[in-house]
Student: 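This is the structure, below, for whatever I ask next.
Side chains are part of it too, since the values below use all heavy atoms of this structure and drop only hydrogens, waters and symmetry mates.
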Amino acid sequence: MDRPIRVLVAKPGLDGHDRGAKVIARALRDASMEVIYTGLRQTPEQIVAAAIQEDVDVVAMSILSGAHNHLFPKVVKLFKEEGVEDVLVIGGGVIPDDDIPGLKEAGIAEVFTPGTPTTKTIEFIKNNLKK
Amino acid sequence: MVLNLDLINKLLRGDKRTCARMITKIENNEKEAEDILKGIYEHTGNAHIIGITGPPGGGKSTLTYRLSKELSNQGKKVGIIAIDPTSPFTGGSILGDRIRMNKLATDPNVFIRSMGTRGHLGGLSKATHGGIKVFDAYGCDYIFVETVGVGQSEVDIVKTADTVVMVMVPGLGDDIQAIKAGIMEIADIFAINKSDLEGSERTTREIRMMVEMGNEEKKPPILNVIANQNEGIRELIEEIHKHKEYLISTGKLEEKRLERIRSEIITLIEDEIKSRIFNDKDVYKLLDNVLKDVYNKELDPYTAKDKLFKAII
Ligand SMILES: Nc1nc2c(ncn2[C@@H]2O[C@H](COP(=O)(O)OP(=O)(O)OP(=O)(O)O)[C@@H](O)[C@H]2O)c(=O)[nH]1
Ligand SMILES: [Mg+2]
């Protein structure tokens with residue numbers, strides 16, 4: 001591919017730090033991707049608006065606070081309302097295994113829990129782009 | 001062209017996704033990019049293009065955020081192009097300017113686009129000019145271009161913007177000496193940000209001295225601002241407007257824009273020549289054929305160049 005994959009990395013919710021998100025941002029950069037980093041405390045509305053303006057291929061979100069069951073699906077829903085169907089939405093963070101099937105059902109393409117090597121996330125992105 | 005008319009109309013009506021997609025096509029140098037740029041050209045020229053430049057971490061993004069917010073509150077439409085460096089090694093980048101502008105993400109009057117330099121030197125990316133045109137046709141009254149904070153090699157912004165705001169911060173000390181050579185030619189307005197910090201008077205003094213010693217026919221105004229506290233923002237907008245009025249009343253705006261068009265066309269021709277020559281596989285064959293000769297000193301690189309040139313053109 002002669003264009004970089006563009007990824008929006010965001011932290012929805014009220015988490016106090018973004019170390020994990022920064023680690024993944026750097027890994028994606030080192031994998032030749034263009035990472036738009038938006039930092040802490042994003043609302044789903046802000047994430048979707050930014051993703052549209054930046055015309056990204058991927059939205060990667062990370063949550064530690066436990067609000068994933070609400071916030072992740074909200075982002076997918078807002079994309080649908082905007083008629084956007086070609087953005088790959090993935091999630092990560094502290095997420096109980098039991099929650100993962102529900103999140104996938106809601107349209108989160110994949111969920112990466114702590115300890116997942118970043119190479120796996122990179123591989124997943126490359127193999128599942130929608131545009 | 002017919003293919004694009006629909007798309008262009010959508011852009012002119014202010015459709016965000018069309019705007020975003022057009023910029024992507026231009027950034028990726030897709031086939032349609034040139035048709036898009038041709039098609040929108042007649043709808044450009046209305047926006048005031050403002051460059052925001054200065055040292056890394058000086059508060060360029062925070063200032064851009066505040067200026068845009070104020071203008072949006074006044075009902076103006078604002079486009080922001082924020083540029084960060086692309087790694088020359090991996091081609092990847094982390095574009096972090098939005099962190100300071102998140103509150104604008106959902107503002108219907110504001111459109112923010114981050115760009116990596118993608119190998120382009122001079123503080124902008126190659127697609128910046130195209131992005132500006134798309135924003136212009138999209139209906140922006142103001143377009144802010146935040147350059148890469150490299151300090152010295154930001155000459156591109158002068159050719160790109162109508163008004164350049166040079167963001168300075170207290171405590172640059174010797175750095176001012178180092179960057180002095182360039183900044184007088186670049187700055188239309190000095191905004192001394194972080195004026196809440198110690199040393200801001202001294203920095204202001206130093207810049208004032210520098211401005212007074214310079215022989216510019218229009219001395220750039222110097223403003224103290226505190227971007228993260230929203231102080232001095234209205235005054236800065238006022239100066240930005242005054243600068244535009246100055247450009248118009250003296251005929252300098254036309255002069256500037258003619259010069260911009262001139263250098264744009266030159267760049268386009270250079271690109272065209274390069275791509276025509278280097279997209280031709282035979283050129284590489286010819287090139288490979290002379291390598292050994294040059295290596296063996298039977299030929300020097302300059303004579304080789306002359307030979308190849310003759311064969312190509
Ligand atoms: N004390 C003080 N800090 C400020 C002011 N304006 C911005 N900052 C802080 O300065 C830091 C850098 O601000 P940015 O707006 O990201 O600076 P920048 O020039 O865009 O940085 P780069 O794009 O990385 O070169 C942030 O932590 C801001 O909160 C100010 O007026 N006073
Ligand atoms: Mg910045």
Student: Where on B:Ser87 is there a heavy atom nearer than 4.5 Å to chain A: the side chain, the backbone, both, or neither?
Tutor: neither

Student: Looking only at heavy atoms and a cut-off of under 4.5 Å, which of A:Glu45, A:Gln42, A:Glu54, A:Glu82 has the most pairs with chain B?
Tutor: A:Glu54

Student: Name the region of A:Val7, side chain, backbone, both or neither, that has any atom closer than 4.5 Å to a heavy atom of chain B.
Tutor: neither

Student: Determine whether a donor-acceptor pair (N or O, by modelled atom type, separation under 3.5 Å) exists between the side chain of A:Asp57 and the backbone of A:Arg6.
Tutor: yes

Student: Please rank A:Gln53, A:Arg26, A:Arg29, A:Arg41 by heavy-atom pairs under 4.5 Å with chain B and give me the top one.
Tutor: A:Gln53

Student: What I want to find out is whether B:Glu270 reaches B:Lys274 closely enough, with some N-O distance under 4.0 Å, to be called a salt bridge.
Tutor: no

Student: Could you check whether B:Arg276 pairs with B:Glu272 (Lys NZ or Arg NE/NH1/NH2 to Asp/Glu carboxylate O, under 4.0 Å)?
Tutor: yes

Student: When only pairs under 4.5 Å are counted, which of B:Thr106, B:Ile112, B:Asn29 shares the most heavy-atom pairs with chain A?
Tutor: B:Ile112

Student: Can you tell which of B:Ala105, B:Ser114, B:Gly116 has the highest number of heavy-atom pairs within less than 4.5 Å of chain A?
Tutor: B:Ser114

Student: Chain B heavy atoms under 4.5 Å from A:Lys131: which part of the residue, side chain, backbone, both or neither?
Tutor: side chain

Student: Assess the side chains of B:Asn28 and B:Arg118: does a donor N or O sit below 3.5 Å from an acceptor N or O?
Tutor: yes

Student: Count the heavy-atom pairs under 4.5 Å between each of B:Leu104, B:Ile99, B:Asp97, B:Asn102 and chain A, then report the option with the highest count.
Tutor: B:Asn102

Student: Do B:His48 and B:Asp141 have a side chain donor and acceptor closer than 3.5 Å?
Tutor: no

Student: I would like to know whether B:Thr90 and A:Asp30 meet side chain to side chain donor-acceptor pair (under 3.5 Å); could you show each step before the answer?
Tutor: CA-CA 6 Å; B:Thr90 65; A:Asp30 293 342; 5.0 Å; no

